[in-house]
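Written out below as structure tokens is the structure these notes cover.
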There are 2 protein chains.
Amino acid sequence: MSGRWALAIHGGAGTILRSKMTPDKEAAYHDGLRRALAAGVTVLRNGGAALDAVTEAVVALEDEPLFNAGRGAVYTSAGEQEMDAAVMDGRNRQAGAVAGIFGPRNPVRVARLVLDRPQVLIAGAPAVDLARQAGLPFGDRAYFHTEARWTALQETLAGRTDDDPARRHGTVGAVAVDAHGNLAAATSTGGMTGKAPGRIGDTPIIGGGTFADNATCAVSGTGHGEVFIRWTAAAEIAARMRHAGQTLDQAATAVVMEDLAPNDGTGGLVAVDRHGNIAMPFNCEGMYRGMVRQGEEAKTLIYR
Amino acid sequence: MSGRWALAIHGGAGTILRSKMTPDKEAAYHDGLRRALAAGVTVLRNGGAALDAVTEAVVALEDEPLFNAGRGAVYTSAGEQEMDAAVMDGRNRQAGAVAGIFGPRNPVRVARLVLDRPQVLIAGAPAVDLARQAGLPFGDRAYFHTEARWTALQETLAGRTDDDPARRHGTVGAVAVDAHGNLAAATSTGGMTGKAPGRIGDTPIIGGGTFADNATCAVSGTGHGEVFIRWTAAAEIAARMRHAGQTLDQAATAVVMEDLAPNDGTGGLVAVDRHGNIAMPFNCEGMYRGMVRQGEEAKTLIYR
């Protein structure tokens, strides 16, 4: 089968306050999203695999300090950075994920290493060792440090929570269908500002914040991770499509608006099916997001 | 509502070789299972909550060195013990889980502490700290050491894998419905003999090896964890009931036989619905298991 490829990405969701947004900052977010779309498109346009496209798109988002993943990750209550990432291949449901790592510049590439191993999820130092053995690039504290995140931690610890929640507990992610009709999803996060050390959110939880299956859809979520886990948000979209005959849009909207929203599950997600349909529902003020389909212009959006 | 309470437990599934089973050993397994059922029944008979019943049943299984959880946990390839556990309350989908911990005698009690916190999953030292602060009992290396597990590691490292897989990558778990119609699930494991350090299996993954929702069912799985995660086994049973109108038995059997079995997902699970129906499907030679319902005799089983 040779279909139309499609790619959707997100860079976090929340009450993105217009009052705190300047034209320059807004332009920088759009630029960051466009670069990530371009990285994925380069793969898809050349007949590459969805799995590689979502990985490259997420790498671009991790490299951009504006988003809470990789460089620019937020700080835990202990002043450390702990990153989680996952990637899933819709062809065979192979999946790889890492949790609580610091060092590798691109946690999603470490998740990609795990995908090729017998494990699905590896936490902490052993995952960092894998990255080192594979020769992946590392960053030191200076590389990962951003003044804005450090300030956000001080504000959170002081009980002031007017920092943009989309950055405080943001996540980046990508979903794609390639020209061969294969789906994939990838998600990466620095977690929540001031989070308890050791806390693992929905990003590396297959079926929670990340899921891909050629039979239905690929999903990457962002928001209040615990609620995404408890409602198995990503897997539930696939289940509604398989068992209730819902379309991608119906299933994704139902999960975000009817399952997550009433249960304090602020956030959103991006999803794609094998026909290139894209859904990007969110139940908060905004979500940094972008999409592009074969033969169409790339679009990047922040508010509704 | 005042319904009929029910409880089902498991102590691992696999190719439990009859050739390696002696009458004494078999009796010891049945005894261990009966003690765990009795611990849960004490709670349920007095009108207690399913959440407490599954916790107490799993504590009893963790305290029994025959099963791979708590005391008697298997060793990683590095000769360490890393335990995972989860508990979920069907009333509100509150969930708590821990991964990669060593020290607390009963990992399921640490998961129970997490359930009352904003997090769902906490890994490593911070989870152990929670247990210490709460005054939970700890064990040292001598407490957790069993000669059989240590020998099993040496055999695995030497490439001899004739140890009972149900113990090599076993898990213990319990599901219950209480007299008030509330459901709960709990699972605990020492992981896989010779597993890679840092590897997290399906036990603490909500929707993978553990799930509970009053609307459908409570599920606890045991087996090849990575496949349970990739097929979101526990959540899929609930989804089939909600969206495809399947009964507990239909849904649980389909997941174990049609989703897991063809994909190298050796194992089984125990599940219960709010009417007190129990399903205990497995796709391998045996599963240490037991069940009891209000007004019925407790049953414990190993083979088909």
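What you see below is based on every heavy atom in this structure, not just the backbone, and it leaves out hydrogens, waters and symmetry mates. Just so it is clear, the model here is predicted, and its values are computed rather than measured. So that the names make sense, note that chain A is the first sequence line, chain B the second, and so on, each numbered from 1.
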What part of [X] is in contact with chain A, defined as an atom under 4.5 angstrom from a non-hydrogen atom: side chain, backbone, both or neither?
X	result
B:P204	neither
B:I205	side chain
B:A123	both

Do you know which two heavy atoms are closest between [X] and [Y], and how far apart they sit?
X	Y	result
B:R230	A:I206	CA-CG2, 4.4 Å
A:P118	B:E226	O-CG, 3.2 Å
A:F211	B:T232	CE1-CG2, 4.2 Å
B:P126	A:P197	CB-O, 3.1 Å
B:E236	A:H243	OE2-NE2, 2.7 Å
A:A239	B:A239	CB-CB, 3.5 Å

*Given the options A:A244, A:G124, A:G245, which has more heavy-atom pairs under 4.5 Å with chain B than any of the others?*
A:A244

_Option that, when pairs with chain B are counted at under 4.5 Å, heavy atom only, ranks first among A:D202, A:L121, A:I122, A:N92_ = A:L121

*Which bit of A:Q246 is near chain B, if near means a heavy-atom gap under 4.5 Å: side chain, backbone, both or neither?*
neither

*asked:* Under a 4.5 Å cutoff for heavy-atom pairs, which residue among B:A97, B:A125, B:G198 has the most contacts with chain A?
replied: B:G198

